[in-house]
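Some notes on the structure that comes next.
Everything numeric here is computed off the predicted structure, so don't read it as measured data. Computation of the quantities below employed the complete heavy-atom set of this structure, encompassing side-chain atoms and omitting hydrogens, waters and symmetry-equivalent molecules. In the text below, chain A, chain B and the rest are named by the order of the sequence lines, each starting its count at 1.
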Amino acid sequence: MKEVTANFNAQSIEREMRDHWSIHDTYKTVKQHRSAGKPFFFVDGPPYTTGTIHLGTAWNKILKDSILRYHRMNGRNVIDRAGYDMHGLPIEVKVEQELGFKSKKDIEKYGIQKFIEKCREFAIKNKLLMDDQFTSLGVWLDFPGAYKTVMPGYIEAAWWTLARAEDKGMLERGHRVVNWCPRCETAIADAEVEYADEKDPSVFVKFPLKGRTNEFLLIWTTTPWTLPANVAVAVAEDFEYAKVLAKKDDKETLLWIAEPLVKAVLKKGRCKDYAILETKKGAEIIGWVYESPLASCVPLQREIVHKIVAADFVALENTGMVHIAPGHGWDDFVLGTKEGLAIVCPVDGAGKFKEEAGIFAGQFVRDSNENVLVALGDHLFAKEIVTHRYGHCWRCKTPIIFRATSQWFLKISEMRDLMLAEVAKVTWYPDWAGSARFYDWIKEARDWCISRQRYWGIPIPVWVCQKCDAYRVIGTFAELEERSGRLLADPHRPYVDDVTIPCTCGGTMKRVEDIFDVWFDSAVASWATLGYPGKTQDFENLWPADFITEGQDQTRGWFYSQLGASTIAFGKAPYKSVCMHGFALDAEGKKMSKSYGNVVTPEEVIAKVGVDVLRLYILSSSAPWDDLKFNWEGVGTINRAANILWNVYRFPVPYMILDNFEPANKGGTWDDAYIREHLNLMPDEDRFIISRINSVAGTVDSAIKECQLQRATRELVNFILEDLSRWYVQLVRERMWLEGESKSKHYAYETIYYVMRRLIGLLAPVCPHITEEIYQNLRCKNDPSSVHLLDWNKGEQELVDTALEQAVGIVRSFDEACANARQTGKRKLRWPVSEVVVVTNSGTVRDAIELLQAVCMDRANARKVSVVMGRWERIGWHAEPVMKALGPGFGKNSPKVKALIEGADGNFLKNEIDMGRTVTLGDGDATYEIGTRHVTFTEKLPAEVFSAPMQDGTVYVDVRLDEDLEKEGYEREVIRRIQEMRKQLDLVVSEYISVEVLVNDLRVYNLLNNYSNHTIAGEVLAVVPDRGVLLSFLKPGDPLRTHDLIKEWEIEGATETIGMTVGISRATQ
RNA sequence: GGGCCCGUAGCAUAGCCCGGUGGUGCGCCCGGCUGAUAACCGGGAGGUCAUGUGUUCGAAUCACAUCGGGCCCA
């Protein structure tokens, strides 16, 4: 054991520990140690390689790390491979920015091969940066062996999965409406759409009814650019629609509007006057034909027969008539398919109108809104600007459009029931994350569009015949090589694009140009990480995952994509348990964002307080699934707790070293059996703290099992602060100061050693550095070489003494009450008191105080602590009449009764009434029955007794002084001053001194002189074995010699001058 | 517009499932302690339990509505 630095310096300790682990290859050793254990298959949700981690990412990995460390300590062989998501649009967009590209054409010009090599470079560079950042959080995952979505084996797993989808008929090539980013020129998944406010025109448009004059259907839209693709108007069959004669500027128009909405709509159109001419049910107007108001300028529109159709999604808002453009909306598309409407989409991939859009050709759709409105001319009924939530591309933030295109889909909608059934089998932390949130999301799930018209991603392994249009899904590289007769150097684009397969029809099959939605990459992680399907053994032994944990945004992300892919491939969920965690918000509960300037980075926190404190803070401040409101004050509090842990650890070390203490061991391995064998001989406080650490261990264990990391960590912090620091260490201090051999001291050593060993074991998953540092200093020479090699200890029930813990609780309440009463009586704790009395009716309290008599006396600094059941004879009670009750009961005799009560023996009265009896008082003329409602009692304490309430009782402290108590009080005052002076001179504990104390009060001088020299000298090391006592008192007027330090003190009204000299030479000359 | 979660003192949290005097920590003020000491302990002040309505003898807790925050969806 070595000395411990006074200050807890997180940064240097953590650096040292990480160096230590890397020199000794501790992580490998730990993995090796657990390699024969029962496997615990964890799958790391792969972070996207953006290059920087934020507080939320840190939280994510810290949570994973702590839970995995727990499982390792429990003997599990944890599969802890890290993962990285390295493909996809975000990286493409970054690289495009670096290269100054504006559109896909720039990429094609630059060359796909060069472009994807740039993307690869970018991803790998960032992956390495992130490895370092995670490692510096003390995270023990397998980073060198991380699965990477760009690896050929990984890509093959994705291919294989798609081939399974094809086998099961779950893959569909479809012409459908998808979310489309006009900047990235690709389809994007529902999961990739981000909603944000957007300003758009909100317009009401008149569609002329065919064959009628001046009669229109009135529709509403916020996307005028979709009007060139209009094919129908939808109504609700059971709504009432009205034909309205609307007057504006002396012009009259006939409009069809849902009847309840007429007034509001016409107000928007500034129609001063209107009349409802007739009404019809929606069902009655179905089939009516109308013409496009854009027919004259959009050739496409002239070929379409527009009609009214019924739809169940029509709501009673706006006009109750919905503009339908099946090429530009999901509901529209579904309706169009059902009703056999034309599905037109006169918009190209870049979001520009095609030739068939007539005068709009070449215009970007969102920019053409105004032109469309102009072209509508008189058909535009009303217009305003609205701000509404609108979908944006998750990467480039461009507002998306809906576009009917040819894409590849997984038929999630057909698997929904199976997925829901699987969700129910998974254990969710918290339960509602699965049973409510995820369940609802899946219930709404639509088919998954997995194709993207991009470059940096897993190529979709579908080859289509150029001649007969047949397609084939390739599941493995070997199959492709066999069919094509070519070796595949790299499965990425553009390399794989050159590979062709002969078709049975004699034609040539070429790969479709699409790549996978990047969410499909990570969706296959749970088997791709096991090398499946290339290797099958791990998969058969381990899959599905025992545990995953990710942020709440992953409900629609990874939790979902994995479930979808896995249900297709294997018909079951890929995970057995899922912990959904929250988001890191700022102290106000607002999202951290660069534009608010409220971002706190993990590095900042680490620079201030270190990693372990960050970890402990994050895990303790909220439940995993609640959002974390980051708060520097809270960090400070946890930092203080860590400091106290350090102080508790440090405190006994110098004494242990001085005494050459070695904990009980068998051949150099710590033997905790010593504690069990000696427990009965140990003092109460030792048995208490041993009991506590074991019950704490039980609580911590069950909390972690339920992912309640906040309960586990709070329990530990609370134990350190309350039980260990504020209670045990305070009580055990004097035993540590005992000189020479002592059983009591030895028990204290063994106890605190035991407690520290258990404590750091429990804390190791959360605070891996500080616990390792402590362990390295405390461990016996043949103990395991790292705290992380220890087995988890969930507490031993036979060491838990509930009654004792309860008794200590009572004594602590007693302790607090004493301090309270002393404060009221203005008697400092340094001054002993003759007696403390506990008055109680509780046998439990009596037993506790009597059981822990010694502790009580020590804590109270009292010569005697006694318990009185019921009434203590030194307390008097004074009876006070309750006039409110006397009046009604005794009428005009009340004043007499009042006097009688005041004159009665309060003690007797209270006793009787407490026993539930009534008392008869009389004055000779008459008698009166006095009951509990007529009287209250106040305490009459002796002059120098002060009271304070404690748990189920009251504490009375008698602060009267006699000569003996006073002498001791002054002694302790003098000792305290001398110690203070030693500290000022920065003396080591073992340095001898000589002292003179000039007491400027003759009475006090007489009190101290002759009796106290020895006592004081012994405490402050002013007594030398051969030379005797080197402390003397001087009376008023005596001269003081020269000293190294002289100080004047005010002590209880008297002045004392203390002179102190270091060493023994001068004072004794 | 919909789903889920959250709202308790200046700040952070427990209690809520299963109704019965709202605890704790930080900060603040006052006092104490002093061989863990840039620590530690005691006391005090500080609360419309987001708001409103309902159920109930009784609501922080249950129900409904509203407001605010977060995540997700349309």
Side-chain angles (χ1 to χ4, degrees), chain A residues 4 6-8 190-191 193-195 313 315 317 330-331 388-391 430-441 443-445 551-557 560 580-591 617 620-623 625-638 640-641 643-655 710-711 714 717-718 721-722 724-727 729-730 732-734 736-737 815-824 826-831 859 861 948 972 975-977 979-980 982-983 987-991 1019-1021:
Chain A
V4 179
N7 290 325
F8 166 60
D190 291 341
V193 179
E194 253 179 29
Y195 289 83
F313 56 78
E317 50 193 32
W330 176 253
D331 286 335
H388 61 155
R389 306 283 287 174
Y390 192 84
D431 182 65
W432 52 259
S435 63
R437 205 185 162 130
F438 195 44
Y439 195 90
D440 285 349
W441 164 251
K443 234 169 41 189
E444 309 271 307
Q552 49 187 302
D553 54 333
Q554 298 304 327
T555 303
R556 69 159 183 179
Y560 171 69
M580 184 192 82
H581 68 78
F583 265 56
L585 312 174
D586 76 359
E588 263 100 60
K590 293 251 164 41
K591 202 168 142 176
Y617 167 71
S620 65
S621 56
S622 58
W625 40 87
D626 283 335
D627 288 341
L628 167 76
K629 291 192 206 170
F630 184 87
N631 182 286
W632 280 109
E633 256 180 49
V635 174
T637 305
I638 292 295
R640 209 157 309 160
N643 204 39
I644 290 170
L645 170 66
W646 187 256
N647 278 328
V648 170
Y649 151 61
R650 180 165 79 95
F651 153 70
V653 169
Y655 308 107
Q710 85 288 11
R711 292 217 174 134
R714 284 172 193 176
V717 168
N718 188 56
L721 263 42
E722 295 295 330
L724 197 50
S725 167
R726 288 173 194 166
W727 186 252
V729 169
Q730 298 311 317
V732 85
R733 276 155 72 164
E734 295 192 34
M736 299 264 167
W737 305 336
D815 183 32
E816 282 168 24
C818 285
N820 190 347
R822 273 176 173 273
Q823 189 167 333
T824 323
K826 295 195 166 47
R827 182 69 74 228
K828 296 191 260 191
L829 185 57
R830 199 141 58 206
W831 288 67
R859 298 297 299 171
N861 191 16
R972 293 190 61 171
I975 290 167
R976 168 71 206 111
R977 267 43 173 218
Q979 299 288 27
E980 178 66 31
R982 285 186 64 112
K983 202 172 120 193
L987 301 188
V988 294
V989 179
S990 49
E991 182 80 71
E1019 296 252 0
V1020 302
L1021 228 62

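Nucleic acid contact for A:Thr555: none, since no nucleic acid atom lies under 4.0 Å from a heavy atom of the residue. Contacts of A:Ser725 with the nucleic acid, taken as non-hydrogen atoms under 4.0 Å apart, include base atoms. Among the protein residues, A:Gln730 comes within range of the nucleic acid bases, having at least one heavy atom under 4.0 Å from a base atom. Contact annotation for A:Tyr655: backbone-only contact, meaning every heavy-atom pair under 4.0 Å involves sugar-phosphate atoms and none involves a base. Nucleic acid contact for A:Arg972: sugar-phosphate only, since backbone atoms but no base atoms lie under 4.0 Å from a heavy atom of the residue. Within the 4.0 angstrom heavy-atom criterion, no nucleotide atom of any strand lies near A:Arg827. Among the protein residues, A:Arg822 comes within range of no part of the nucleic acid, since none of its heavy atoms lies under 4.0 Å from any strand. Among the atoms of the strands shown, base atoms are found under 4.0 Å from some heavy atom of A:Val648.
Residue A:Arg640 has no polar side-chain atom (N or O) positioned under 4.0 Å from OP1 or OP2 of B:rA39.
Rounded to whole angstrom, the span from the CG atom of A:Asn647 across to the P atom of B:rA38 amounts to 9 Å. Between A:Tyr560 atom OH and B:rC71 atom C1' the separation is 18 Å, expressed in whole Å. When rounded to the nearest whole Å, the span between OH of A:Tyr617 and C1' of B:rU13 equals 11 Å. Between the CZ atom of A:Arg977 and the C1' atom of B:rC33 there is a distance of 12 Å, given to the nearest Å. Residue A:Phe630 contributes atom CZ, which lies 19 Å from atom C1' of B:rG69 at whole-angstrom precision. One can place NZ of A:Lys443 at 15 Å from C1' of B:rA74, the figure rounded to the nearest angstrom. Note: CZ (A:Arg976) to C1' (B:rG32) measures 12 Å, nearest angstrom. Atom CH2 of A:Trp441 and atom P of B:rC72 are 10 Å apart (whole Å).
Spacing between B:rA60 and B:rC17 at atom C1', rounded to whole Å, works out to 14 Å. Comparing B:rU55 with B:rC16, their P atoms sit 25 Å apart, to the nearest whole Å. A gap of 38 Å separates the C1' atoms of B:rG44 and B:rU53, to the nearest Å. If you take atom C1' in B:rC67 and the same atom in B:rU51, they sit 7 Å apart, rounded to whole Å. With both ends at atom P, the span from B:rA74 to B:rA65 equals 24 Å, rounded to whole Å. The separation of B:rA63 from B:rC71, taken at their P atoms, amounts to 25 Å, rounded to a whole angstrom. With both ends at atom C1', the span from B:rG68 to B:rC28 equals 28 Å, rounded to whole Å. Separating the C1' atom of B:rG20 from that of B:rU66 is a span of 28 Å, rounded to the nearest Å.
A:Ser621 OG to A:Arg714 CZ: the interatomic distance, rounded to the nearest 0.5 Å, is 7.5 Å. Residue A:Arg972 holds its CZ atom at 11.5 Å from CD of A:Gln979, rounded to the nearest 0.5 Å. Rounded to the nearest 0.5 Å, atoms CG (A:Leu829) and CZ (A:Arg859) are 7.5 Å apart.
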So which protein N/O to nucleotides 1-10 of chain B N/O distances come out below 3.5 Å?
from: B:rG3; atom 1: O2'; to: A:Asp440; atom 2: OD2; distance (Å): 2.3

Report each atom pair, protein N/O against N/O of nucleotides 42-47 of chain B, whose distance is under 3.5 angstrom.
from: B:rG42; atom 1: N2; to: A:Gln823; atom 2: OE1; distance (Å): 3.4
from: B:rG42; atom 1: N2; to: A:Gln823; atom 2: NE2; distance (Å): 2.9
from: B:rG42; atom 1: N3; to: A:Gln823; atom 2: OE1; distance (Å): 3.3

For A:Asp627 and A:Gln552, run side-chain hydrogen bond (donor to acceptor under 3.5 Å, both in side chains): C-alpha distance rounded to whole Å, both residues' side-chain angles, the deciding distance at 0.1 Å, then the answer.
CA-CA 9 Å; A:Asp627 288 341; A:Gln552 49 187 302; 2.7 Å; yes
A:Tyr560 and A:Thr555: side chain to side chain contact (heavy atoms under 4.5 Å, CB included), yes or no, with the steps?
CA-CA 6 Å; A:Tyr560 171 69; A:Thr555 303; over 6 Å; no
Please lay out, stage by stage, how A:Val635 and A:Phe630 fare under the test side chain to side chain contact (heavy atoms under 4.5 Å, CB included).
CA-CA 8 Å; A:Val635 174; A:Phe630 184 87; 3.7 Å; yes
A:Val732 vs A:Trp727, side chain to side chain contact (heavy atoms under 4.5 Å, CB included): CA-CA, chis, key distance, verdict
CA-CA 9 Å; A:Val732 85; A:Trp727 186 252; over 6 Å; no
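Residues passing the ring-ring contact (aromatic ring centres under 6.0 Å, His included) test with A:Tyr390 are A:His388, sequence neighbours excluded. Here A:Arg830 pairs with A:Glu973 under the side-chain hydrogen bond (donor to acceptor under 3.5 Å, both in side chains) rule; sequence neighbours left out. Listed by chain and residue number, A:Tyr970 satisfy the ring-ring contact (aromatic ring centres under 6.0 Å, His included) test with A:Trp831 (two or more places apart in sequence, or in another chain).
Relative to the side chain of A:Asp553, the nucleotides B:rG32, B:rA36, B:rC72 differ in distance, and B:rC72 lies closest. For A:Asn631, counting side-chain heavy atoms from C-beta on, the closest listed nucleotide (B:rG32, B:rA12, B:rA36) is B:rA12. Distance from the side chain of A:Arg711 is smallest to B:rG15 among B:rC33, B:rA36, B:rG15.
Nearest-nucleotide positions on RNA chain B for A:Gln554 and A:Arg982 put A:Arg982 closer to the 5' end. Comparing A:Thr637 and A:Ala623 along RNA chain B, the residue whose closest nucleotide (by nearest heavy atom) sits nearer the 5' end is A:Ala623.
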Represent RNA chain B in dot-bracket notation, 5' to 3'. Only Watson-Crick or G-U wobble pairs with both distances under 3.5 Å count; pseudoknot-style crossings use [ ] and interstrand partners use |.
(((((((..((((......[..)))).(((((.......))))).....(((((..]....)))))))))))).
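Aromatic ring centres of A:Trp441 and A:Phe438: separated by at least 6.0 Å.
In the displayed structure, A:Glu734 atom CD is contacted under 6.0 Å by at most 12 heavy atoms of other residues, nucleotides or ligands.
Inter-residue side-chain proximity for A:Gln710 and A:Ser620 is flagged as unmet; no heavy-atom pair is nearer than 4.5 Å. Residues A:Tyr617 and A:Asn631 form a side-chain contact, since some pair of their non-hydrogen atoms from C-beta on lies under 4.5 Å apart.
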